[in-house]
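Okay, so here's the structure we're looking at.
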Amino acid sequence: MRDRYAKLEKLREIGVDPYAYSFDPSHSLARAKTEFEVLESEEGETDAGEGPHVELPGVRVAGRILSYRDLGGSAFAHVGDADGRIQIHLKKNVLGEDGAALMELLDLGDWIGVEGDIFRTRRGEVTVRVTSLDLLSKTLRPLPFGKEEVLESGERIVHSGFSDLAQRYRQRYADLAVNPEVREVFRLRTRLTTELRRWLDDRGFIEVETPVLQPLYGGALARPFTTHHHSLDQQMYLRIADELYLKRLIVGNMDRVYEIGHDFRNEGIDRTHNPEFTMLELYYAYADYRDVMELTETLVSDVVTAVAGTTEFEWDGNTIDLAAPWRRISWAEAFSEHTGLDVVESTTEELTEAVKRSGREDADGLSRVQLLDSLFSSHVEDGIIHPTFVYDHPIEMSPLAKPTRGNPAFAERFEAIVCGFELVNAFSELNDPLDQWRRFADQAQLRAAGDDEAMVIDEDYVRALEYGMPPTGGFGMGVDRLVMLVTGQTSIRDVVLFPVLRPEEVE
RNA sequence: GCGCCGUUAGCUCAAUUGGCAGAGCAACUGACUCUUAAUCAGUAGGUUCGGGGUUCGACUCCCUGACGGCGCACCA
């Protein structure tokens with residue numbers, strides 16, 4: 001870095017501002033290249049060095065220097081921007097004295113703007129013959145570039161690239177700058193959320209924003225992040241779910257609503273859990289959970305097709321197909337199939353025994369619900385690879401869902417499970433205020449008994465239900481997890497730009 | 001929280017049994033005006049993650065701490 005500080009001084013000495021104020025490109029790098037190729041095909045021959053000499057004159061482009069090959073009197077470099085790269089040819093006798101002096105002071109990573117004509121070199125690469133060179137921003141810290149090889153097939157091989165995971169997450173800016181495939185993951189992520197919105201907007205859903213900072217948390221079973229509002233002198237929480245606010249909107253005659261936003265859960269971190277994650281929740285009037293199942297499989301299947309052109313994905317060694325329809329199996333059936341136990345008939349002692357056998361030592365203190373949940377996660381969920389709706393959960397596990405018609409020990413709820421993790425959770429939403437009150441009361445009892453993930457009573461929410469909520473279906477979907485499936489990433493950290501990490505000291 | 005593995009130059013990695021800490025790329029100096037993992041000649045670059053210990057001697061062995069990966073546990 002010391003060398004680069006010296007270059008800063010030299011730049012100022014020769015009258016170059018190392019941090020320019022602006023530049024006005026005529027083309028993005030990708031467009032410049034494409035436009036040249038179109039021109040070439042219109043004018044005939046494209047054979048390198050043969051045929052008519054085609055040029056696209058007067059192009060102004062900008063980007064970061066990715067590679068540099070100094071040949072003395074001239075140099076070749078690759079310049080990259082957000083989604084393209086192009087080779088440039090710098091010649092000292094063309095650039096003149098000032099330009100030549102500037103060339104001497106360039107480093108990998110520097111931002112430059114150039115003007116010139118595009119031609120194809122003898123070796124066949126589309127290249128800008130630079131007539132004017134501007135430094136836009138000097139790089140003081142060397143970027144961790146690898147050496148790059150592009151095979152005839154167009155495949156890009158990086159040698160000794162930037163691969164230390166911790167560093168890549170902490171210095172995502174450097175990761176993005178040198179690893180275009182990382183940029184591609186996040187570009188695809190954005191296309192996916194854009195398509196989700198388009199799909200929902202087309203069907204009359206409206207996007208809303210509900211509070212992230214809440215006086216009470218609810219809508220899921222999880223520990224919250226807690227904070228304090230000074231002037232109200234009140235405990236506040238970061239939301240763990242959007243659910244209760246969105247359903248208040250259904251009460252308020254907003255028939256179809258959705259929200260894409262961050263939820264926060266104060267739980268462990270692993271490859272499918274980041275404490276802050278993106279949830280899509282939607283609710284619509286007059287629907288039950290069967291309707292939501294159809295909506296779910298259609299939505300996912302349509303949206304992934306729109307962004308990836310396929311519903312088939314390779315993920316962690318499995319090939320999965322997200323095309324509708326998805327398999328359906330009842331919770332009780334899946335449970336007895338994989339554990340050999342009956343949900344209703346089994347005694348709490350039998351369940352406790354089974355949990356202990358599955359390797360968990362704290363089984364004795366657990367409630368029946370926790371036992372069932374524990375067995376389900378360890379025996380059933382992990383084994384489900386292909387998209388599957390598991391429906392009709394035990395009602396004690398589902399305090400916001402209507403009882404299953406004709407079978408009130410269960411609730412009209414489903415989870416969509418793919419590759420061993422939960423992608424979607426949905427209900428026929430409970431709209432009976434008296435029943436909802438009883439369910440909250442049951443949760444309060446669990447809480448009193450020491451289950452710190454049980455729900456807290458939300459009296460205002462019950463008041464809203466008293467005003468009447470129509471029959472409603474709704475779901476919550478883990479957007480990060482869908483992005484993981486579509487991009488083939490097996491860690492949520494690879495689809496979150498700045499994942500939660502332990503703090504470090506910056507040198 | 002528990003277990004296993006890891007942390008060496010800016011980046012990617014070596015270092016035999018405990019015996020002089022090395023390479024490629026990047027950087028720097030020089031040569032070269034169609035190169036593309038450019039090439040050629042040379043130079044410099046280190047608190048071997050931190051702290052403690054064993055030893056004549058520690059990158060290497062022991063203890064401890066930090067950070068990371070994987071697995072388990074927790075977790076809609």
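Because only heavy atoms are used, hydrogens play no part in the values below, and waters and symmetry mates are left out as well, while side chains stay in. So that the names make sense, note that chain A is the first sequence line, chain B the second, and so on, each numbered from 1.
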Using Watson-Crick or G-U wobble geometry with both distances below 3.5 Å, tell me the partner of [N], or none.
N     : value
B/C49 : B/G65
B/C32 : none
B/G3  : B/C70
B/U16 : none
B/A27 : B/U43
B/U8  : none

Handout entry: Residue pairs fulfilling salt bridge (Lys or Arg N to Asp or Glu O under 4.0 Å) with at least one residue in residues 372-396 of chain A, sequence neighbours excluded
Key =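 Pairs touching residues 372-396 of chain A that pass the test: none.
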
Problem - Parallel, tilted or perpendicular, as decided by the 30° and 60° cut-offs, for the rings of A/H89 and A/F76 - result: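 Parallel, since the angle between the ring planes stays under 30°.
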
Handout entry: Nearest-angstrom distance from the residue atom CG of A/D70 to C1' of B/C25
Key =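 A/D70 atom CG is separated from B/C25 atom C1' by 17 Å.
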
Handout entry: Atom-to-atom span, CG of A/L106 to C1' of B/A26 - whole angstrom
Key =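 About 16 Å, once rounded to whole Å.
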
Classify [X] by what it touches in the nucleic acid, base, sugar-phosphate, or nothing, heavy-atom distance under 4.0 Å.
X      : result
A/S163 : sugar-phosphate
A/R168 : nothing
A/G161 : sugar-phosphate
A/N93  : base
A/R265 : sugar-phosphate
A/Y68  : nothing

Problem - Gap separating the CG atom of A/L322 from the CH2 atom of A/W315, nearest 0.5 angstrom - result: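 The CG atom of A/L322 sits 12.0 Å away from the CH2 atom of A/W315.
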
Exercise for the section: Nearest 0.5 Å please: distance from the CG atom of A/L95 over to the OG1 atom of A/T131. Expected result: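 Here the rounded value is 8.0 Å.
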
Handout entry: N-O pairing of A/R248 and A/E243 below 4.0 Å
Key =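 No salt bridge links A/R248 with A/E243.
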
Return yes if the base of [N] and the side-chain atoms of [X] contain a donor-acceptor N/O pair under 3.5 Å, otherwise no.
X      : N     : value
A/E148 : B/U36 : no
A/H89  : B/C34 : no
A/T121 : B/U35 : yes

Distance between [atom1] atoms of [N] and [M] (Å, rounded):
N     : M     : atom1 : value
B/C59 : B/U7  : C1'   : 11 Å
B/C75 : B/G18 : C1'   : 46 Å
B/C5  : B/A9  : C1'   : 24 Å
B/G19 : B/C13 : C1'   : 23 Å

Side chain of [X] only, please: which of [options] is the nearest?
X      : options             : result
A/F162 : B/C28, B/G69, B/C11 : B/C11
A/R69  : B/A38, B/A27, B/C11 : B/A38
A/L71  : B/A27, B/A38, B/U36 : B/A38
A/R271 : B/C11, B/C34, B/G71 : B/G71

